[in-house]
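A quick write-up on the structure given underneath.
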Amino acid sequence: KHKAYHGELVAFGTIAQLILEGRSKELTEVMGFCYNVELPLTLGDINLGSITDEELMSVANKATEPGETMHNMPFPVRSRDVFNAIKVADSLGEKFKED
């Protein structure tokens with residue numbers, strides 16, 4: 001299977017960001033859209049199904065380094081917040097696909 005395309009990463013990242021922001025109404029709409037047009041809903045869909053928590057935390061750490069755009073959020077974002085948002089996005093994506 002191919003590596004994930006940029007747009008596929010953006011789709012999954014958008015889901016994680018909506019979780020981070022606590023925007024449940026938009027989250028439901030975006031997940032429905034992604035499902036309908038076959039965009040990724042899970043880490044597995046972007047070929048990261050076997051990523052370890054340690055590797056995922058490394059990603060979250062990089063996303064929150066000084067100078068990263070994550071600091072443009074209207075609230076402080078910690079690495080653990082990003083990690084948790086990605087994990088929840090993956091879990092919700094799996095549940096969405098099952099339903």
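Remember, predicted model here, so these are calculated numbers, not experimental data.
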With sequence neighbours excluded, residues passing side chain to side chain donor-acceptor pair (under 3.5 Å) with Glu68 | none
With Lys62 via salt bridge (charged side-chain N to carboxylate O under 4.0 Å, His left out) - residues at least two apart | none
For Thr42, enumerate each residue passing the side chain to side chain donor-acceptor pair (under 3.5 Å) test, keeping only those at least two apart in sequence or located in another chain.
-> Asp45
Kindly state each residue pair satisfying ring pair (Phe, Tyr, Trp, His ring centres under 6.0 Å) with at least one member in residues 38-72, sequence neighbours excluded.
-> none
If you look only at pairs with a residue in residues 6-27, which of them pass as a ring pair (Phe, Tyr, Trp, His ring centres under 6.0 Å), with sequence neighbours excluded?
-> none
Could you tell me which residues satisfy ring pair (Phe, Tyr, Trp, His ring centres under 6.0 Å) with Phe96, sequence neighbours excluded, listed by chain and number?
-> Tyr35
Let me know which of Ile15, Thr28, Leu27 forms a side chain to side chain contact (heavy atoms under 4.5 Å, CB included) with Leu92.
-> Leu27
Side chain to side chain donor-acceptor pair (under 3.5 Å) partners for Asn72, two or more places apart = none
Would the number of heavy atoms belonging to other residues, nucleotides or ligands and lying under 6.0 Å from NZ of Lys95 be above 12?
-> no
Should we say atom CD of Glu38 is surrounded by more than 12 heavy atoms from elsewhere, each under 6.0 Å from it?
-> no
Scan the side chains in residues 80-87 for donor-acceptor partners under 3.5 Å anywhere in the protein, sequence neighbours excluded, and list what turns up.
residue: Asp81; atom: OD1; partner: Arg78; partner atom: NH2; Å: 2.9
residue: Asp81; atom: OD2; partner: Arg78; partner atom: N; Å: 2.8
residue: Asp81; atom: OD2; partner: Arg78; partner atom: NE; Å: 3.4
residue: Asn84; atom: ND2; partner: Arg80; partner atom: O; Å: 3.2
residue: Lys87; atom: NZ; partner: Asp53; partner atom: OD1; Å: 2.7

Considering all heavy atoms of both residues, which atom of Thr64 and which atom of Met70 are nearest to each other, and what is their separation?
-> CG2-CG, 4.1 Å
Residues passing the salt bridge (charged side-chain N to carboxylate O under 4.0 Å, His left out) test with Glu55, sequence neighbours excluded, are none
Residue pairs fulfilling ring pair (Phe, Tyr, Trp, His ring centres under 6.0 Å) with at least one residue in residues 43-67, sequence neighbours excluded = none
Quick one: ring pair (Phe, Tyr, Trp, His ring centres under 6.0 Å) pairs with a partner in residues 37-56, sequence neighbours left out?
-> none
Residues in side chain to side chain donor-acceptor pair (under 3.5 Å) contact with Ser24, at least two apart in sequence or another chain | none
